[in-house]
Amino acid sequence: MVTRSGVLMMDRPELPTVKAWCNWSGAHVHDFVRFESPGSIEQVSQAVQGCRRDGLTLRCAGSAHSFNPFWTDDVILSLDNMQGLLSVDPPNNTAKIQAGTKIHKLGPLLWSAGLSLPQQGDIDRQGLAGALSTGTHGTGITLPSMPNSIIGLTLVTAQGDTLVISETENSELLDYAKISMGMLGVIVDVTLKLKPAFYLHENNWQGDWSECVACRENLVASNKHFEFFWAPNTDIFSFKTLNRTDHVAQRMSSSEYIAPAYEVFPSDRPAKFNEMEYAVPYEQGWRCFCELRELFLRKFPRLPWPIEYRTMAADELPLSTAYQREVVTLSVHQGAERSYHEVFDAAETIFRKYGGRPHWGKVHSLKKNELSSMYPQYAAFCRVREHLDPQGVFINAFLAELFV
Ligand SMILES: Cc1cc2nc3c(=O)[nH]c(=O)nc-3n(C[C@H](O)[C@H](O)[C@H](O)COP(=O)(O)OP(=O)(O)OC[C@H]3O[C@@H](n4cnc5c(N)ncnc54)[C@H](O)[C@@H]3O)c2cc1C
């Protein structure tokens, strides 16, 4: 048994040519016949062409930190051998990066070049293309999700061709490709618009319901990044703010410190869980949280896993959960060793009542009919997908129910 990029791979002695792997949480185990780790665009192209010729499905894997069954029983392709900076342009705050680069490796590389990602999620274990492709986000009412930083990318299409997509080349495809879950092709590199390197000041404290009621709106408005966690079993609120600062790195206390942004954004999440997250219109966010809290106090009062409350700016990406609306994102968790269905099913009913759209990388039960009414650009995305991959090389059973 070996661990690879957070993914468990093991030989299946009863099926010599078939191996199995599972995602980070262990909820989804996939048999696969071939695992490809190309080291060049040419090798990616050969892998795609081979699948197309043999009628096999190919699914890309980043770090398999998604909670959905994105993979396949045919071919899994990892870009772990395609990592690193290809070029940087500090005056314009841009960098061209190999798509397999792990975010935790990217941070120091960009810092050395005087650059920072404007926004990151709660962890940095993801592959860059994997994080971008599901719309990974952090928190901050003025900040959109990570794929909004993309200004160009290179795809290997279902035909095995290389397709450059940027603001000047094939630009009509750019917004569709930014959040596309590997359905338009294999992303081999991305060019990002970044920020000059910056430090973040993190502050953490705990409070109660009345503090959250009184201060929440102000904390959202007056901090670059604000979020809170609330756990049913304690009824305690854990607040967290991050703000850019010109001060140098220092630790003021166990709950307050300043460090380079790439060190402050991510947290350690050693305990494994499954997660469901929906983005609801900002003005519905608090009422949605209150209804979830009432439900959890009534039905799951001993649950130790928190509800997380974050915000995100509106954008124009067709498959963004924040498409044309500011949102509150609310996520619920359950330990990986327990069944999550009871908790998540109950929460999902509330999320949907408040007009929520599900995070693409996290558990949800929606299918094509529901999704098509949530996303005004859904049909246009499906047309682009069909045009680029009519044979469905990049479509597995899970995605077929959502997009085909
Ligand atoms: C502990 C934990 C914390 C998390 N915190 C956050 C958070 O704060 N905010 C948030 O928004 N999300 C969060 N997530 C979700 C996570 O960011 C996403 O699920 C992300 O997609 C995982 O990245 P990955 O590299 O593991 O991609 P994978 O899960 O491996 O893949 C995700 C998708 O991207 C596709 N893909 C991967 N590489 C390529 C490529 N080269 N070309 C084309 N398609 C590709 C895959 O086929 C798949 O459809 C968290 C997940 C975990 C486990």
Side-chain angles (χ1 to χ4, degrees), residues 4-7 21-28 30 36 38 41 44 47-48 57-72 75-83 97-104 106 119-139 144-147 153-157 177-190 225 227 265-279 308 310 312 319-322 327 329 331 333 336 358-363 389 394-396 398-399 402-403:
R4 184 192 172 92
S5 309
V7 171
W21 97 337
C22 62
N23 68 328
W24 175 83
S25 74
H28 301 291
H30 302 263
E36 303 265 3
I41 296 180
V44 173
V48 174
T57 299
L58 179 148
R59 292 293 306 153
C60 281
S63 299
H65 273 50
S66 294
F67 301 93
N68 283 324
F70 280 131
W71 302 281
T72 167
V75 178
I76 294 177
L77 183 137
S78 156
L79 294 192
D80 279 3
N81 290 328
M82 294 177 69
Q83 300 197 51
I97 305 154
Q98 295 206 83
T101 310
K102 303 296 178 191
I103 293 176
H104 65 93
L106 180 59
Q119 174 70 308
Q120 285 183 228
D122 194 41
I123 54 159
D124 61 3
R125 301 293 106 181
Q126 306 97 323
L128 181 61
L132 298 169
S133 297
T134 57
T136 294
H137 64 92
T139 187
S145 63
M146 291 180 68
L153 55 85
T154 307
L155 270 187
V156 171
T157 67
K178 288 178 184 175
I179 301 180
S180 52
M181 287 160 271
M183 289 184 286
L184 303 191
V186 182
I187 300 171
V188 288
D189 61 57
V190 287
H225 312 261
E227 69 184 301
F265 276 127
S267 309
D268 279 338
R269 298 287 176 222
K272 300 240 169 154
F273 54 81
N274 284 295
E275 182 174 348
M276 167 180 279
E277 178 186 296
Y278 271 69
E308 186 177 12
R310 296 186 278 187
M312 184 163 53
L319 290 191
S320 169
T321 58
V327 293
T329 68
S331 52
H333 309 76
H359 189 302
W360 294 112
K362 303 187 184 179
V363 178
D389 182 19
F394 301 118
I395 292 291
N396 70 353
F398 171 70
L399 289 164
L402 274 55
F403 290 100

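Order of appearance sets the numbers: ligands from 1, and atoms from 1 within every ligand.
The backbone and the side chain of D122 each have at least one atom closer than 4.0 Å to an atom of ligand 1 (non-hydrogen atoms only). The backbone and the side chain of I187 each have at least one atom closer than 4.0 Å to an atom of ligand 1 (non-hydrogen atoms only). The part of K362 lying near ligand 1 is the side chain, judged by heavy-atom distances below 4.0 Å. Here Q119 has no heavy atoms under 4.0 Å from ligand 1, in either its backbone or its side chain. Contacts with ligand 1 closer than 4.0 Å are made by no heavy atom of E277, backbone or side chain. By the criterion of a heavy-atom distance under 4.0 Å, neither the backbone nor the side chain of R125 is placed next to ligand 1.
Among the atoms of F67, none of the N or O lies under 3.5 angstrom from an N or O of ligand 1. Polar contact check, F70 against ligand 1: no nitrogen or oxygen pair lies under 3.5 Å apart. For the pair R269 and ligand 1, the shortest N or O to N or O distance does not fall below 3.5 Å. For ligand 1, the polar-atom distance check against R310 finds a nitrogen or oxygen pair separated by under 3.5 Å. For ligand 1, none of its N or O atoms has an N or O atom of F273 under 3.5 Å away. Every N/O-N/O distance between G121 and ligand 1 stays at or above 3.5 Å.
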Starting from the C-alpha separation in whole Å, work towards a yes-or-no answer on side chain to side chain donor-acceptor pair (under 3.5 Å) for T57 and N396.
CA-CA 7 Å; T57 299; N396 70 353; over 6 Å; no
Evaluate the side-chain contact (heavy atoms from CB on, under 4.5 Å) criterion for residues R59 and L77: first the C-alpha distance (whole Å), next the side-chain angles of each, then the deciding distance (0.1 Å), finally the verdict.
CA-CA 6 Å; R59 292 293 306 153; L77 183 137; over 6 Å; no
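Heavy-atom proximity to Q126, at under 4.0 Å, picks out these atoms of ligand 1: 16 (C), 17 (O), 22 (C), 23 (O), 24 (P), 25 (O). Residue-ligand proximity, L79 to ligand 1, at heavy-atom distances under 4.0 Å covers atoms 41 (N). Set against the non-hydrogen atoms of V186, the atoms of ligand 1 under 4.0 Å away are 42 (N). Ligand 1 places these atoms under 4.0 Å from at least one heavy atom of M181: 47 (O), 49 (O). Residue-ligand proximity, G182 to ligand 1, at heavy-atom distances under 4.0 Å covers atoms 43 (C), 44 (N).
Of the listed options S145, S133, A129, A129 places a heavy atom closest to atom 40 (C) of ligand 1. Comparing heavy-atom distances from atom 31 (O) of ligand 1 across G127, A271, S66 singles out S66 as nearest.
Panel note: side chain W360, backbone L319; a donor-acceptor pair is recorded below 3.5 Å. Side-chain atoms of H28 come within 3.5 Å of backbone N or O of F67 as a donor-acceptor pair. Looking at E277, its side chain never comes within 3.5 Å of a backbone N or O of S331 through a donor-acceptor pair. No donor-acceptor distance shorter than 3.5 angstrom exists from the side chain of S133 to the backbone of G130, with no hydrogens or angles considered. Side chain of R125 to backbone of H65: no donor-acceptor contact under 3.5 angstrom is found. Formation of a donor-acceptor pair under 3.5 Å by the T139 side chain with backbone atoms of R310 is not found in this model.
Here the protein heavy atom with the shortest distance to atom 50 (C) of ligand 1 is I123 CD1, 4.1 Å. Ranking protein heavy atoms by distance to atom 10 (C) of ligand 1, first place goes to H359 NE2, 3.3 Å. Atom 37 (C) of ligand 1 has its closest protein heavy atom at G130 CA, 3.5 Å.
Note: H333 and F273 have perpendicular aromatic rings, judged against thresholds of 30 and 60 degrees for the angle between ring planes. Taking the six-membered ring for Trp and thresholds of 30 and 60 degrees, F398 and F70 have ring planes more than 60 degrees apart, a perpendicular arrangement.
For the pair S66 and T134, the minimum side-chain heavy-atom distance is below 4.5 Å.
Separation of atoms CE (M312) and OG1 (T321) is listed at 3.5 Å; rounding is to 0.5 Å.
Salt bridge present: K102 and D80 bring a charged side-chain N and a carboxylate O closer than 4.0 Å.
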